[in-house]
Amino acid sequence: MNLNYPIEDKVEFLIACVAEFAKAHSLNKKQAFNYIERYKGLDFIKKHYGMEHTFSFRDVVQHITDYCHRQGGALML
């Protein structure tokens, strides 16, 4: 199985995740990005891209929210 995904796909997915996270939590995109970065959500997305990109954005936002919460973030869905 080839796990080398094109970087363009990963970046596009990350941008979409930040936008969807912002919408779900009533944040602007910069606030969402800063929050996700602070609570290691970017690392989570990068590490689990192979699986996460197969879920709906609703599910991915939930996964990011849960992960960031476990890392000390206050936001919940």
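Please read all numbers here as calculations on a predicted model, not as lab measurements.
Within the model, atoms NE2 of H63 and CZ of R58 stand 10.5 Å from one another, a figure rounded to the nearest 0.5 Å. Within the model, atoms OH of Y39 and CG of N34 stand 11.0 Å from one another, a figure rounded to the nearest 0.5 Å. Atom OG1 in T54 sits 9.5 Å away from atom CG in D59 (nearest 0.5 Å). Rounding to the nearest 0.5 angstrom, the gap separating the OG1 atom in T65 from the CG atom in L77 is 4.0 Å. Within the model, atoms CG of L27 and CZ of F33 stand 13.5 Å from one another, a figure rounded to the nearest 0.5 Å. Here N28 contributes atom CG and Q31 contributes atom CD; the two are 4.0 Å apart, rounded to the nearest 0.5 Å.
Shown here is K40, whose NZ atom has no more than 12 heavy atoms of other residues, nucleotides or ligands within 6.0 Å.
When hydrophobic clusters are built by joining Ile, Leu, Val, Met, Phe, Trp and Tyr residues whose side-chain heavy atoms come closer than 4.5 Å, directly or via intermediates, F55 is grouped together with I45. Under the 4.5 Å side-chain heavy-atom criterion for ILVMFWY residues, no single connected hydrophobic cluster contains both M76 and F57. In the hydrophobic cluster analysis, where Ile, Leu, Val, Met, Phe, Trp and Tyr join through side-chain heavy atoms closer than 4.5 angstrom, V11 is grouped apart from V18.
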Using the rule given for ring pair (Phe, Tyr, Trp, His ring centres under 6.0 Å), can you reason through F21 versus H25, listing the C-alpha separation, both sets of side-chain angles and the distance that settles it, and then say yes or no?
CA-CA 6 Å; F21 187 91; H25 291 288; 4.3 Å; yes

C17/I64 under side-chain contact (heavy atoms from CB on, under 4.5 Å): CA gap, chis, key distance, verdict:
CA-CA 9 Å; C17 288; I64 296 167; 4.0 Å; yes

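Heavy atoms only, all atoms of each residue included: A22 and A32 are closest at CB-CB, 3.6 Å. Closest heavy-atom contact between A19 and K29: CB-CE, 4.0 Å.
Remark: the backbone N or O of Q62 is not paired with any side-chain donor or acceptor of Y67 at under 3.5 angstrom. Here the side chain of H48 pairs no donor or acceptor atom with the backbone of E52 at under 3.5 angstrom.
The distance between the ring centers of H53 and Y5 falls below 6.0 angstrom.
Looking at heavy atoms from C-beta onward, D9 lies in side-chain contact with Y49 at the 4.5 angstrom threshold.
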